[in-house]
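As structure tokens, the structure follows; a few thoughts come after it.
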Amino acid sequence: MNIFSIIEGRILDAVAALQSQDVLPGDVEPKGLTVEAPRDAAHGDVASNIAMVLAKQAGLKPRDLADLIAKQLRSGDGIEAVEIAGPGFINMSLGKEIWRDVVWAVLEQRDRFARSNVGAGMAVNVEYVSVNPTGPLHVGHCRGAVFGDALANLLDFAGFGVTREYYINDAGAQVDVLARSAYLRYREALGDDIGEIPPGYYPGDYLKPVGQGLAAEHGRALLDKNEDEWLPVVREFAIAAMMDLIRDDLETLNIHHEVFFSERSLIEGGVNAVAETIAFLKRQDLVYEGRLPPPKGKLPDDWEDREQTLFRSTNFGDDIDRALIKSDGSYTYFASDMAYHRDKFLRGFKTMIDVWGADHSGYIKRVGAAVDALTEGEGDFDVKVCQLVRLFRAGEPIRMSKRAGAFVTLRDVVDEVGSDPVRFMMLYRKNDAVLDFDFAKVTEQSRDNPVFYVQMAHARAHSVLRNAEEVFPDILEDLEKCDRSVLESLVDKGEITLMKRLAQYPRLIEGAALAHEPHRVAFYLYELASDLHVQWNRGKDLPQLRFIRSDDRGLTVARLALVKAVAHILASGLTILGVHAPHEMR
RNA sequence: GCACCCGUAGCUCAACUGGAUAGAGCGUCGGACUUCGAAUCCGAAGGUUGCAGGUUCGAGUCCUGCCGGGUGCGCCA
């Protein structure tokens, strides 16, 4: 039940009525129409800019048009008062029965409340994490992982058909380095003294079990072979082991992908998807042989001016055209990536969302250009860039050395503070702003710490329900069986505030989903939690406001209904964020 | 040099994608515990939204140019 779309419907009805009376032209378009809660409560419960949006098209002054629309609205149910304000806003105050309807709807629909069909089942591909399979996840990967997962949850809740996907970069030079590093550990496992790990190899201890695994499976058989013989074998084994490691790391945050897509699979097996993609572009004259200017900034040592195969990404807004084939004849990473995004489109994903780290922001334009070209404008491509996370310990920044083993792993962080604080804090900020993460703060039990504050609100709601059962045995059964009319006794301003906040939730979900901004859910939950804590505390000064009124079982049932509805929404939002909604805090 | 992101109260951040008098928390100051857990709440002070123009009924939000901070620039991945 979304009161804003209900009111929007009323407004559009009013416009249609005016059209049928020839007061408005038949072809006016309410482009840019908003129906929202005004910032200032003095402006009523719902405000619309409809008159300002249509004024020019109608050839009327905004306030005059607002007046005409307002007259139509006054006859509608549920709207108690309509006022024209400022340049032509239509402000509406709604009757209390609307808010009671919201509470009732929450109680009836529980975790289905605010589920939306704005997505209309449209297939959306959310690709996130996609870390090179060369080692465990470190803390820098955490944010994108949590963000992508929560965004996928949110889109799912809003009615999209979501697929969570991980792109495995298993085709580049870095997995060959992985294979050689694993081979060293294999020799080590067989008793060779390998000494220090030479530069250019992955030194981490996490490869030791991989070496042992290779030794167990192949014995000494790989020792006599040439590199070009053992490398593919070791590589495949090591990549599989690394992906297991990564999946285990993601498991600690309860993150699961439905699809793991191998880069290598694009060129191996029957069809060469990269070649097909390049051929597709060639047919549209978007690929040519040419030269590029040298890169700006410091010139790479091995840069050479040469003729190469280029994609005309400048046709689609990129700064320069991009190379597709390396001098050794193999495809560039970008060429594979083009084929990969084309593959997503051919699998039926018109909407593709990629979640990347800040260090890849320079890559957005060219992939956007590629998607435009490959889908002939049909694809809807959005990159969500997650900015850096800066780690602090009690206010002191944690320096991350590039030396071996000095990275803070994702697992370290989750082990120390737990999954819930990590997930919530990663989402309690816009994705494109840098985020500070303080180990001490996120486990603090205070209002300072939004994770705790929101979870506490949920726990408190359940604590109230438990306590009510002590005062009034079986009152929760009354609550189950009660009639919607019990809600009529919810008239206190704090109760109304809570009901109005609940009424915001469906619209918030839709807005956050369409904007791809899960952080809005986190901020909303903080506000809802605050409303509940406030009302709970008002009961200290004003005992008649307490949720549990030992002298009035009927009123208590009504208030418990509200508390329960709030708990449902807190749990709903926390579930989208992937954070637990505890029934008690310990 | 170029591209992208950020710049909002002393600090950390919101602001429903162009709406009305820019809001929270922390910190500061002043208050409230024989409670349904004070693990909290109430009140006050605090702003030329980095600067300068522009677009329109209306700009923190869009456009242009500066200033400051961050990230990146390749046939790497």
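Heavy atoms only: backbone and side chains are in, while hydrogens, waters and symmetry mates are out. Note on naming: letters A, B, ... go to the chains in the order of the sequence lines (proteins, then strands), and numbering restarts at 1 for each one.
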What's the closest nucleotide to the side chain of [X] if the choices are [options]?
{"X": "A:Tyr453", "options": "B:U40, B:C57, B:C16", "value": "B:U40"}
{"X": "A:His533", "options": "B:G19, B:G74, B:U40", "value": "B:U40"}
{"X": "A:Arg546", "options": "B:C13, B:A20, B:C36", "value": "B:C36"}
{"X": "A:Lys365", "options": "B:C4, B:U17, B:C76", "value": "B:C4"}
{"X": "A:Asp436", "options": "B:U71, B:A77, B:U12", "value": "B:U12"}
{"X": "A:Leu388", "options": "B:G25, B:U71, B:A14", "value": "B:U71"}
{"X": "A:Asp359", "options": "B:C16, B:U71, B:C36", "value": "B:U71"}
{"X": "A:Tyr526", "options": "B:A14, B:G25, B:C16", "value": "B:G25"}
{"X": "A:His43", "options": "B:A77, B:A14, B:A20", "value": "B:A20"}

Verify the contact: side-chain N or O of [X] to OP1 or OP2 of [N], cut-off strictly under 4.0 Å; return yes or no.
{"X": "A:Lys31", "N": "B:G18", "value": "no"}
{"X": "A:Lys540", "N": "B:C42", "value": "no"}
{"X": "A:Arg507", "N": "B:C16", "value": "no"}
{"X": "A:Lys430", "N": "B:A14", "value": "yes"}
{"X": "A:Arg366", "N": "B:G74", "value": "yes"}

Compute the ring centroids of [X] and [Y], then answer whether they are less than 6.0 Å apart.
{"X": "A:Tyr428", "Y": "A:Phe523", "answer": "yes"}
{"X": "A:Tyr453", "Y": "A:His533", "answer": "yes"}
{"X": "A:Tyr526", "Y": "A:Tyr524", "answer": "no"}
{"X": "A:Tyr167", "Y": "A:Tyr340", "answer": "yes"}

_I want to check something: taking the side chain as every heavy atom from C-beta on, are A:Thr309 and A:Glu289 in contact at a cut-off of under 4.5 Å?_
yes
So, under a plain 3.5 Å distance rule, would you say the side chain of [X] forms a donor-acceptor pair with the base of [N]?
{"X": "A:Arg306", "N": "B:C75", "answer": "yes"}
{"X": "A:Asn91", "N": "B:A20", "answer": "yes"}
{"X": "A:Ser463", "N": "B:C36", "answer": "no"}
{"X": "A:Arg520", "N": "B:C16", "answer": "no"}

Just call it for [X]: base, sugar-phosphate, or nothing, with non-hydrogen atoms closer than 4.0 Å on any strand.
{"X": "A:Arg538", "value": "nothing"}
{"X": "A:Ala37", "value": "base"}
{"X": "A:Ile364", "value": "nothing"}
{"X": "A:Pro62", "value": "nothing"}
{"X": "A:Ala358", "value": "sugar-phosphate"}
{"X": "A:Leu292", "value": "sugar-phosphate"}
{"X": "A:Glu470", "value": "nothing"}
{"X": "A:His360", "value": "base"}
{"X": "A:Asn49", "value": "base"}
{"X": "A:Tyr363", "value": "base"}
{"X": "A:Arg466", "value": "nothing"}
{"X": "A:Ala47", "value": "base"}
{"X": "A:Arg322", "value": "sugar-phosphate"}

Base-pairing mate for [N] - Watson-Crick or G-U, with both contacts under 3.5 Å:
{"N": "B:U34", "result": "none"}
{"N": "B:G65", "result": "B:C51"}
{"N": "B:A14", "result": "none"}
{"N": "B:U56", "result": "none"}
{"N": "B:U71", "result": "B:A3"}
{"N": "B:A9", "result": "none"}
{"N": "B:A44", "result": "B:U28"}

*If you take all heavy atoms of A:Leu231 and A:Asp176, which pair is closest and at what distance?*
CD2-OD1, 3.4 Å
*Grab the two heavy atoms, one from A:Pro30 and one from A:Val28, that are nearest each other, plus how far apart they are.*
CD-O, 4.0 Å
Taking [M] as the reference, what is the distance to [N] when you measure between their [atom1] atoms (whole Å, please)?
{"N": "B:A15", "M": "B:A24", "atom1": "P", "result": "14 Å"}
{"N": "B:C2", "M": "B:U64", "atom1": "P", "result": "15 Å"}
{"N": "B:U71", "M": "B:C57", "atom1": "C1'", "result": "40 Å"}
{"N": "B:G19", "M": "B:C4", "atom1": "P", "result": "24 Å"}
{"N": "B:G25", "M": "B:C76", "atom1": "C1'", "result": "43 Å"}
{"N": "B:U8", "M": "B:G60", "atom1": "P", "result": "15 Å"}
{"N": "B:A59", "M": "B:U49", "atom1": "C1'", "result": "11 Å"}
{"N": "B:C5", "M": "B:C41", "atom1": "P", "result": "37 Å"}

Output the rounded distance in Å from [atom1] ([X]) to [atom2] ([N]).
{"X": "A:Gln387", "N": "B:G72", "atom1": "CD", "atom2": "P", "answer": "10 Å"}
{"X": "A:Arg501", "N": "B:A14", "atom1": "CZ", "atom2": "P", "answer": "17 Å"}
{"X": "A:Leu435", "N": "B:G69", "atom1": "CG", "atom2": "P", "answer": "22 Å"}
{"X": "A:Lys384", "N": "B:C6", "atom1": "NZ", "atom2": "P", "answer": "11 Å"}
{"X": "A:Ile84", "N": "B:A20", "atom1": "CD1", "atom2": "C1'", "answer": "14 Å"}
{"X": "A:Arg39", "N": "B:U21", "atom1": "CZ", "atom2": "C1'", "answer": "9 Å"}

*If you draw a 6.0 Å radius around NZ in A:Lys441, do more than 12 non-hydrogen atoms from other residues or ligands fall strictly inside?*
no
*With a centroid cutoff of 5.5 Å and a plane-angle limit of 30°, would you call A:Phe89 stacked on B:A20?*
yes
